[in-house]
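Let me begin by presenting the structure, written as structure tokens, before commenting on it.
Remember, it's 1-based here, ligands and their atoms both numbered in the order they're listed.
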Amino acid sequence: MNVIGKVTVLPQLPAEIARLSELAYNLYWSWTPRAQALYRDLSPELWERFQHNPVRLLLEADQDRLNAAAQDPAYLGRYAQVMADFDAYMGKKDTWAARHAPQMKPVAYFSMEYAFHESLPIYSGGLGVLAGDHCKSASDLGLPFTAVGMLFSQGYFRQLFDKDGWQNEAYDELDLTTLPIQPAQSAAGEDIRVSVRIAGREVAVKVWTLQVGRVRVLLLDSNVPDNSEDDRKLTARLYGGNQELRVQQYVLLGVAGIRALRALDVPASVYHMNEGHAALMALERMREYVAAGQDFRTAAELAASSTLFTTHTPVAAGNDAFTYELMDKYIGEWPGLLHAGRDELYALARHDQQWDGHTVPAFSMTVFALSMSRAANGVSELHGEVSRGMWNFLYPGAEENEVPIGHVTNGAHNLTFTSQRMRDLLSTVLPEDWTERLEDETMWQAVEQLTEEQLSNVQREMKREMITFVRGRVREQLLRNGASAADVAATDNLLDEGTLTIGFARRFATYKRATLLLRDKPRLAAIVNNPERPVQFVFAGKAHPADNPGKAFIQEIYRTSQEPEFRGKIVILENYDMNVARHLVQGVDIWLNNPRRPLEASGTSGMKASFNGSPNFSVLDGWWREGYDGTNGWPIGEEREYADLNVQDDADAFDLYQRLEHEIAPRYYGHAQGNASWAHTVRDAIETVSPRFSMQRQVLDYVQQYYLPLGQRGTQLADHGGARARDLAAWKAWVRQQWPHTSISAQANLPATARPGEQVTVSAQVNPAGIRPEELRVEAVLKRGDEVQRYPLAPGEGGQYSAEIPLDDSGLYSVGVRMLPLIDGLSNDLEAGLIKWA
Ligand SMILES: *Cc1c(COP(=O)(O)O)cnc(C)c1O
């Protein structure tokens, strides 16, 4: 037909269920399956077609169906219950924050990606899920908390496999009017715009609000008519494009993000940079102080004093670093705005790189974030350690374990990933308020009361749903690729309900070694086809569009899944997202993860599986190194690193097969009771992983270790017009200037051998130059293995220092003497960045 115009007729929500619209705009529904069911039941078909997006569903639902629901007593009963729960959640006065941290200062959290739900595809993987979950738990706890991110109008990408299992990417333009977001408005009801200069252009940014329970998320969007075509695309794709695009996105996130908070009068006292992408927020925060009359150094102290940086990347190459010339192009105006020299500003980010055989100074986002924060952390104990090693060079003279990077081990948002069936089962033994005490380890002991039958009934149902889901997805894929009718029909035989099912799903970054399982295919074929104890596998995951080795891994698994001995027993699903993740973590029997240690900073998908009773089977890396307790799952390989990666892969693959054949499958198929039973492992997995790796535990750790102290610190430095910050900046400048003129020499009176408890005399001769003696710490450092002990030397006459130092234990001690400038109020002893060894 010849279309001359279009009109959308919007359905009218009947008064009886009018609040479905309000609820659709609060992502509370994303962790509340009963709320989702209210929308799904209005049209299961639209619900699937629109990625479970309630806003879209309400726009397109049949008026008749809405009217019928409004007259259906059963539906209205469920509606009333969901709304009552929602109101109780939103209106709760005695939240954790109200009871335990009423003085807590408001936090602004910045992240490049957020995974809240599959209908809002502005994430790529674990980093996004972590950020999304962090917001959800901040809401659960009632924290004063606002998040800032980007509204990628084409998201990351939609993954499609071709006939041969090669990944293709599709980019769909989101229709913003159908998302659960609204334009952020000022108190006067006007849409908020901010702008930021990038490479001499004024880029306008629209700000959207996403409501996640009690927490507000601000999303930045450059796709506005005032901007040039290129600038409109700045927020089109996540991690797309080249370095130039990346830097511009970092400027947008950091600078426009802070401006959006200000434009909306959002209170913020503590700033959290989630990964180096967010580091440039410090530029704008410094600019604000400089504009208010502070000098550059004081402004830097003020901005850093209230900032926390979380690093996630344990490989040097994964940390963004840009040439100075590139930075000049995009932040060239900033030294002027900050009343700083270009090299003075860039020095805060400098990380020399080897490029084309030359040593080139580069602007590292991680280094800048470390300089512009006064607290930093990795995301698991081992990752904290690895990070201290990686960034030790920034603290010359410091021992590795003194590097001021701590750790908070990641968690996952229990309710987002736990099936309604499992929640219902847990509710039979846990206290009524269990969803508010998720981190309470004692509470979770009640899981031991669940019987084998109760658990297996629930797990069977979840597995059935997962298998139905997998078959449907594979069928769609085959139909699209023009597969034969026979192949399409064969999807009904994919995966078997009675077979031990192992899930592996995550980004296909090569260090995650998705194909490790295929290292010995004859052995794998024997495992999969074992007549008494068969095993089957479900894979899913996206490779970055530019990562051909990652795509080759996908293809290798896909091709393997087509080989006769693996058909129906190894399956790889397209388009891994939150939806696929939920189905898999809920429906498989075991969760597999085999990254190349120590490259998995934390990992979180295994936590989600264990919330649902699927034990973890993983390399002792990231969180599992802390989570594995001998009975709640299985390790792969040893707790060590290898010089030869091939040897490491062989050793890990061998151990993987060995455990699968001799421990895991026999246990799964066995009829043993008590400690040797499958149910015992399942209960242990739920009981130990749910509290310790809950996002609630993680966020509480952030509050106690970082948010509360930084809130105080920021206030102290900012009070009285920033007097403390100014003193601190001046003091640092003074000690830096004096430092070359200081000197230290030392002697230790050491016997050839000694007995535990014996004392030795250590002394030093110091020239402090212009540094006041009370601002200088002279100390002996004793190292035994990895252990470092520090003993202050007492000042005597004429620059002499000494102390009697006990050798507590047996072993080989190395003794050294050093000095460092210290005054009260530093965030850590290395803050001045000066250490001189004798
Ligand atoms: C949990 C999750 C991840 C992170 O998985 P890891 O095991 O940490 O790699 C990635 N993507 C999605 C969709 C997830 O839900």
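- Scanning the protein heavy atoms around atom 11 (N) of ligand 1, the nearest turns out to be Tyr576 CE2, 3.3 Å.
- Among protein heavy atoms, atom 7 (O) of ligand 1 sits closest to Ser605 OG, 2.4 Å.
- Taking 4.0 Å as the cut-off, Asp577 counts as a neighbour of ligand 1 on heavy-atom distance.
- By the 4.0 Å N-to-carboxylate-O rule, Arg464 lies close enough to Glu461 to be salt-bridged with it.
- Under the ring-ring contact (aromatic ring centres under 6.0 Å, His included) test applied with His277, the options Tyr239, Phe309, Phe110 reduce to a single match, Tyr239.
- Residue contacts with ligand 1 for Lys608 involve side-chain atoms from C-beta outward but no N, CA, C or O (heavy atoms, distance under 4.0 Å).
- Residue contacts with ligand 1, taken as heavy atom pairs separated by less than 4.0 Å, involve Val129 solely via side-chain atoms from C-beta onward.
- Heavy-atom contacts of Thr604 reach the following atoms of ligand 1: 1 (C), 4 (C), 6 (P), 7 (O), 8 (O) (cutoff under 4.0 Å).
- Looking at Trp591 next to ligand 1, no N or O pair under 3.5 Å apart turns up.
- Between Glu626 and Arg692 no salt bridge is recorded (no basic side-chain N to carboxylate O distance below 4.0 Å).
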Derivation and outcome, ring-ring contact (aromatic ring centres under 6.0 Å, His included), residues Tyr28 and Trp31: CA-CA 6 Å; Tyr28 171 83; Trp31 64 89; 5.7 Å; yes

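- Looking at Glu600 and Lys512, a side-chain N of the basic residue comes within less than 4.0 Å of a carboxylate O on the acidic one, giving a salt bridge.
- When each atom of ligand 1 is checked for a heavy atom of Arg506 under 4.0 Å away, the hits are 7 (O), 9 (O).
- Arg49 is linked by a salt bridge (charged side-chain N to carboxylate O under 4.0 Å, His left out) to Glu45, counting only residues two or more places apart in sequence or in another chain.
- Electrostatic pairing of Arg697 and Asp701 counts as a salt bridge here, judged by a charged N lying under 4.0 Å from a carboxylate O.
- Within ligand 1, the atoms closer than 4.0 Å to a non-hydrogen atom of Gly603 are 8 (O), numbered from 1 in the order shown.
- For the salt bridge (Lys or Arg N to Asp or Glu O under 4.0 Å) condition, the pairs that include at least one residue of residues 542-554, sequence neighbours left out, are Glu169-Lys551.
- The shortest separation from a heavy atom of Lys512 to ligand 1 is under 4.0 Å, placing the residue in contact.
- Scanning all protein heavy atoms for the shortest distance to atom 4 (C) of ligand 1 gives Gly126 CA, 3.4 Å.
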